[in-house]
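Structure first, commentary second.
In what follows, chains are A, B, ... by sequence order, proteins preceding strands, each numbered from 1.
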Number of protein chains: 2
Amino acid sequence: MEARHLRYALALAAHGHFGRAAHALGIAQPPLSKQIADLEREIGARLFDRTRQGVFPTAAGEAFLARARRALEEMTAATVDAGRAARGETGRLRLGFIASALLDPLPDVLGRFGRERPDVRLELHEMASGRSATALIAGELDVAVTLGPPRGAGAEHLVSVPIGHDHLIAVVSSAHPYAGQASVSVDQLRRQPLIVAAGEDEPAVTAGLRTLLGEDTAALDGATVARDVHTIIGLAACGVGVGLGPSRMLSVPRPGIRFCEVTPRTALPDLVLSFADRDRSPVLSAFLDIVRNNCPDVGAALDRRLGHTRVGDSCAKQP
Amino acid sequence: MEARHLRYALALAAHGHFGRAAHALGIAQPPLSKQIADLEREIGARLFDRTRQGVFPTAAGEAFLARARRALEEMTAATVDAGRAARGETGRLRLGFIASALLDPLPDVLGRFGRERPDVRLELHEMASGRSATALIAGELDVAVTLGPPRGAGAEHLVSVPIGHDHLIAVVSSAHPYAGQASVSVDQLRRQPLIVAAGEDEPAVTAGLRTLLGEDTAALDGATVARDVHTIIGLAACGVGVGLGPSRMLSVPRPGIRFCEVTPRTALPDLVLSFADRDRSPVLSAFLDIVRNNCPDVGAALDRRLGHTRVGDSCAKQP
DNA sequence: GCCTGGCGATACTTTGCAGGTATGAAAGGG
DNA sequence: CCCTTTCATACCTGCAAAGTATCGCCAGGC
């Protein structure tokens, strides 16, 4: 049975007349008679009563037509849904991100994306950079925002572009001795309990801190390890010690705390956006477009990485 | 788009390999490639990613395949449903019947029918014979059980067979003077208030009573008209008068009442089953089969009426 | 590095069937 | 009783689906 048979049967039922139904279908009457006859033979039951007063569906015909209508609806919906998915209007985007990214670039990007693509399901997974990288390589994520570019087995199949620079700053309670200072030195830091958000899953940050503090591993090893920047700020506000985190923290001012620069100024690993280089998903491409529009320099970096293979070509029509 | 395209796309997705999918479909590989290419061109989007590791649906492909699966399911369901409807396993039977038919033939017939055809929706409409007849002619009923064969415009297109004979009996309260009698005479009836269930919608019964009681129209005109036999019995039990009704009433014995024959014995119009002679609905034919099996003489009458045009031929396969 | 094998795409041929034209058969209506 | 209407049948044509042969491409192995 072919879709043609369904269309013909529905037209015949709608017009109640072979000649008019055939005309509406743009074919002659005999082919319609034959197709209906073929259909009835295949079904093994008469679907239409041919009377002088017109052609009417039998009970079997009514049952058939109800299903036929739904089948054709599904078929047109298949085309529509596929088109929407191809244009990235529907689908899913699994994003892994480091918590601090929620401070600066993500709110804008996710807001725009949600507004532009309301029917795309955004799956947001806050995780450390190392876990994002492995999940991305394993195909469990579509995009990742990490501190520093992903490393390790499989990372060569990822495209990574920096989407934000950062340097280290300190945060202390307003009551802290350093609270009035514009900046704190490395020596001052060594003399205080530290609060950092750098475990084994954030190798780039850990390495940066180690370089800054020199061989004095004691200061770092004794530091309180927080899971994210909000915890750093919270602990610092309690006076537990000096919090060390990305300058992105400045975007969340809060009473009872003070921020200080760290001298010497210490660059942190870039905030990096990564995705599989084979991934031509239109949803991903829409996401990248938004990231591109959000910060022009990122767009340039993206274009450099992707060369002339524009993401999104996969849904282009043939000439 | 044709159903073929859906089947091919699903096979390709299932096998992840053009060659094997084509083999499973019983065609060669190039036609499959072409059909998939045609489909993708029609949709305007690539549905499958051809990689070294295999052929995988894109996001658009996944959306398409989900709908395609449902469309094909609807199509097979269309065949199945049509077949069941053609065999009379599903559908609807609208039956109009006179209330007294519920005393004798209907309980058996409806019980069997419900057991044999559990998926047929039985629509039961208790109504007077006249209304049944007009509803049947208007196509609002499929079968009718009436007192006497339907008459009037359009009745010639109905097939009617008697399914039960009846004669008039009387019913009185146990306290009634006639209660001890085996039978009551016409003279005795004329001397008592009567209770009958014969209005203008039951012309055959009214005519029968008028013949019995002769020119003394007063007895009949003054009679209480009940809507059904149960009301006749109820009123008679209250001592309101002498109830006159079909002998079928005997099948509902009840304390506090007595039944008496009426002399002379007076035949009532036959209980008649009617349906449109053009109606070849398999559900109707199944219903008639049950009626036929329930009482052999009815079967013979049915066969005589229908001649060699067996009901149910409409769903026979061509040779 | 080159060969080889596997896979999908392409080119060309064949064929089956959808669709067109002409006509027949049956049943109402004037 | 003929004529019209309507669906079915017969036969022909052309397109497109399927088949055959081959190409191009990439990967993996010697």
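Under 4.0 angstrom from either OP1 or OP2 of D:dC7 there lies no side-chain N or O belonging to A:S33. In terms of phosphate contacts, B:R50 brings no side-chain nitrogen or oxygen within less than 4.0 Å of OP1 or OP2 of C:dC7.
If you take CD of B:E2 and C1' of C:dA18, they are 11 Å apart, rounded to a whole angstrom. Counting to the nearest Å, the P atom of D:dA8 and the CG atom of A:D38 are 12 Å from each other. What separates NZ of B:K34 from P of C:dC7 is a distance of 23 Å, to the nearest Å. For B:L32 and D:dA16, the CG to P distance is 19 Å, given to the nearest whole Å. Atom C1' of nucleotide C:dG8 and atom CG of B:D49 are separated by 14 Å, given to the nearest angstrom. Going from atom CG of A:L39 over to atom P of C:dC17 covers 16 Å, rounded to whole Å. Atom-to-atom, NE2 of B:H23 to P of C:dG6 comes out at 16 Å; the value is rounded to the nearest Å. Put simply, CZ on A:F18 is 11 Å from P on D:dT9, counting in whole angstrom units.
Side chain of B:R52, nearest nucleotide from D:dA18, C:dA26, C:dG6: C:dG6. Side-chain proximity of B:P31 to C:dG8, C:dG19, D:dA18: nearest is D:dA18. The side chain of B:A28 has D:dG19 as its nearest neighbour among C:dC7, C:dG20, D:dG19. The nucleotide whose nearest atom lies closest to any side-chain atom of B:Q35 is, among D:dA21, D:dA18, C:dA18, D:dA18. In this structure, the nucleotide among C:dA18, C:dG19, D:dC7 sitting nearest to the side chain of A:H17 is D:dC7.
Side chain to side chain, A:T58 and A:E62 fail the donor-acceptor criterion of an N or O pair below 3.5 Å. Side chains of B:T146 and B:S129: a donor-acceptor N/O pair is absent below 3.5 angstrom, by distance only.
If you find the closest nucleotide of DNA chain C to B:G19 and to A:H5, the one lying nearer the 5' end belongs to B:G19.
Using a 4.0 Å heavy-atom cutoff across all strands shown, B:Q29 reaches at least one base atom of the nucleic acid. Among the heavy atoms of the strands lying under 4.0 Å from B:G26 are primed sugar atoms or P, OP1, OP2 only; no base atom is included. If you check every strand for non-hydrogen atoms under 4.0 Å, A:F48 touches nothing.
Looking only at distances, a side-chain donor or acceptor of B:S281 sits under 3.5 Å from a matching main-chain atom of B:L284. For B:H15 (side chain) and B:H17 (main-chain N/O), no donor-acceptor pair under 3.5 Å exists by modelled atom type. With hydrogens and angles disregarded, no donor-acceptor distance shorter than 3.5 Å links the side chain of A:Q35 to the backbone of A:H5.
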